[in-house]
Amino acid sequence: GRGFVRRSVWESQVVDIGRDVNFGRIVFGASLWRKDGALVQVEEAPVSVTVEIRTGRDPTPLAYFGFDDLGAHVEVTKRQWDRLIPLVTRGAVEAEGYRGPVAEDQNNWSFWSTPIRTSGVHPRMPWGQFFQLRIELQSETPWEFARLESLWVETGPLLADRVLGEIAREDQFQP
């Protein structure tokens with residue numbers, strides 16, 4: 001081929017920030033290019049850059065399952081799952097000691113944000129210590145492409161670790 005792929009997707013590894021944070025704006029910069037014999041940077045081209053983010057409270061966006069003694073799914077750690085017996089292709093064994101499915105961790109990870117096409121958008125993701133990015137570059141022609149120049153995720157400290165309150169009747173302020 002002499003042109004460029006029309007669609008490319010990059011998914012980052014899980015990023016550990018080291019502490020729980022609130023997530024803010026996603027800011028990115030991209031340059032647009034066209035091949036006219038040589039590569040030329042252009043101001044406009046039929047290309048798009050899309051960024052998605054998801055946040056989590058544990059190091060993996062996956063949940064691993066085994067089976068209990070009744071054949072029901074029970075969540076296990078990745079290390080425990082690796083030690084379980086793999087399911088045989090000739091028949092699925094749903095018994096204790098065998099590997100169960102691997103699924104998206106919906107308890108500790110958010111869903112992917114809506115696609116962000118404009119830099120500086122705040123996707124309103126839940127707080128967490130971990131995040132993952134997915135970036136998609138698309139072009140309508142094989143002669144033009146976008147190049148991601150910069151990307152940063154704005155974070156801030158949690159406003160409060162814990163909030164406590166008391167409830168009292170209106171006529172009895174000191175219960």
Side-chain angles (χ1 to χ4, degrees), residues 7-30 48-87 92-138 146 148-175:
R7 179 176 178 262
S8 59
V9 178
W10 175 77
E11 194 170 292
S12 75
Q13 297 291 322
V14 172
V15 178
D16 182 356
I17 297 174
R19 60 184 167 78
D20 290 332
V21 296
N22 285 317
F23 290 89
R25 298 177 304 146
I26 307 295
V27 180
F28 59 92
S48 65
V49 177
T50 304
V51 179
E52 295 173 87
I53 185 173
R54 66 177 170 180
T55 61
R57 296 187 180 121
D58 68 6
T60 177
L62 299 175
Y64 298 88
F65 295 91
F67 297 101
D68 64 12
D69 56 347
L70 298 175
H73 291 144
V74 59
E75 190 168 353
V76 297
T77 65
K78 169 74 164 102
R79 176 178 253 173
Q80 291 169 326
W81 189 84
D82 286 337
R83 285 187 254 157
L84 295 173
I85 302 166
L87 291 177
V93 178
E94 295 182 359
E96 192 171 12
Y98 285 85
R99 286 183 185 169
V102 177
E104 296 284 329
D105 185 353
Q106 296 179 2
N107 294 327
N108 297 305
W109 277 79
S110 69
F111 294 107
W112 286 103
S113 68
T114 56
I116 301 166
R117 292 181 172 81
T118 306
S119 179
V121 171
H122 182 207
R124 309 237 186 265
M125 300 303 291
W127 61 269
Q129 178 178 336
F130 304 90
F131 73 92
Q132 190 174 22
L133 294 167
R134 182 165 43 202
I135 299 165
E136 181 179 322
L137 306 171
Q138 253 186 321
L148 190 67
E149 299 288 344
S150 63
L151 173 77
W152 57 277
V153 178
E154 192 175 73
T155 64
L158 295 179
L159 299 177
D161 290 335
R162 190 170 84 161
V163 177
L164 299 175
E166 287 186 16
I167 298 174
R169 289 180 25 181
E170 185 176 10
D171 62 340
Q172 192 178 18
F173 291 118
Q174 301 283 334

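Computed from heavy atoms alone, side chains included, the values below leave out hydrogens, waters and symmetry copies.
At a threshold of 4.0 Å, the pair Arg117-Glu136 does not count as salt-bridged, since none of the basic side-chain nitrogens sits closer than that to a carboxylate oxygen.
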Practice problem: Take Asn22 and Thr155 through the side chain to side chain contact (heavy atoms under 4.5 Å, CB included) test and state the conclusion after the steps. | Solution: CA-CA 6 Å; Asn22 285 317; Thr155 64; over 6 Å; no
Practice problem: Go through Phe28 and Val49 one step at a time and tell me if the side chain to side chain contact (heavy atoms under 4.5 Å, CB included) criterion holds. | Solution: CA-CA 9 Å; Phe28 59 92; Val49 177; 3.8 Å; yes
Practice problem: Apply side chain to side chain contact (heavy atoms under 4.5 Å, CB included) to the pair Phe23 and Ile17, showing each step before the final yes or no. | Solution: CA-CA 11 Å; Phe23 290 89; Ile17 297 174; 3.8 Å; yes
Quiz prompt | CA sep, side-chain torsions, deciding dist, call: Ile135, Glu52, side chain to side chain contact (heavy atoms under 4.5 Å, CB included) | solution = CA-CA 6 Å; Ile135 299 165; Glu52 295 173 87; over 6 Å; no
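Taking all atoms of both residues into account, the shortest heavy-atom contact from Thr60 to Asp105 is O-OD2, 3.9 Å. Nearest heavy-atom pair, Pro61 versus Gln132, reported as atom, atom and distance to 0.1 Å: CG-OE1, 3.7 Å. Residue Pro101 comes nearest to His73 through the heavy atom pair CD-NE2, 3.4 Å, listed as atom of the first residue, atom of the second, then distance. The shortest heavy-atom contact between Val76 and Gly66 is CG2-N, 4.1 Å. In plain terms, the two heavy atoms of Phe130 and Asp58 that are nearest each other are CD1-O, 3.3 Å. Across all their heavy atoms, Leu151 and Leu148 have their closest contact at CB-CD2, 4.4 Å.
For Thr50 (side chain) and Ile116 (main-chain N/O), no donor-acceptor pair under 3.5 Å exists by modelled atom type. A donor-acceptor pair is defined here as one N or O able to donate and one able to accept, closer than 3.5 Å; no such pair exists between the side chain of Asn108 and the backbone of Gly56. A donor-acceptor pair under 3.5 Å links the side-chain atoms of Ser12 to the main chain of Leu133, judged by distance alone. The backbone N or O of Ile53 lies less than 3.5 Å from a partner atom in the side chain of Ser113, making a donor-acceptor pair. A donor-acceptor pair is defined here as one N or O able to donate and one able to accept, closer than 3.5 Å; no such pair exists between the side chain of Gln129 and the backbone of Asp20. Between the side chain of Trp109 and the main chain of Phe131, no donor-acceptor pair closer than 3.5 Å is present.
Residues Glu75 and Asn107 are in side-chain contact: their nearest non-hydrogen atoms beyond the backbone lie under 4.5 Å apart. Side chains of Tyr64 and Thr77 form no contact here, defined as non-hydrogen atoms less than 4.5 Å apart. Annotation: side chain of Trp127 is in contact with side chain of Arg57 (closest heavy-atom distance under 4.5 Å). Residues Val27 and Trp152 meet the side-chain proximity criterion, which asks for heavy atoms closer than 4.5 Å. When side chains are defined from C-beta on, Phe111 does not count as touching Glu104, because their heavy atoms never get closer than 4.5 Å. At least one side-chain heavy atom of Pro123 sits under 4.5 Å from a side-chain heavy atom of Ile26.
Taking the centre and axis of the six-membered ring of Trp10, the NZ or CZ atom of Arg134 falls outside the cone set by 45° and 6.0 Å. In this structure, Arg99 is positioned above the aromatic face of Trp81, its NZ or CZ under 6.0 Å from the six-membered ring centre and within 45° of the axis.
Trp112 contributes atom CH2, which lies 4.5 Å from atom CZ of Arg54 (distance to the nearest 0.5 angstrom).
Within a 6.0 Å sphere centred on CD of Glu11, other residues, nucleotides and ligands contribute more than 12 heavy atoms.
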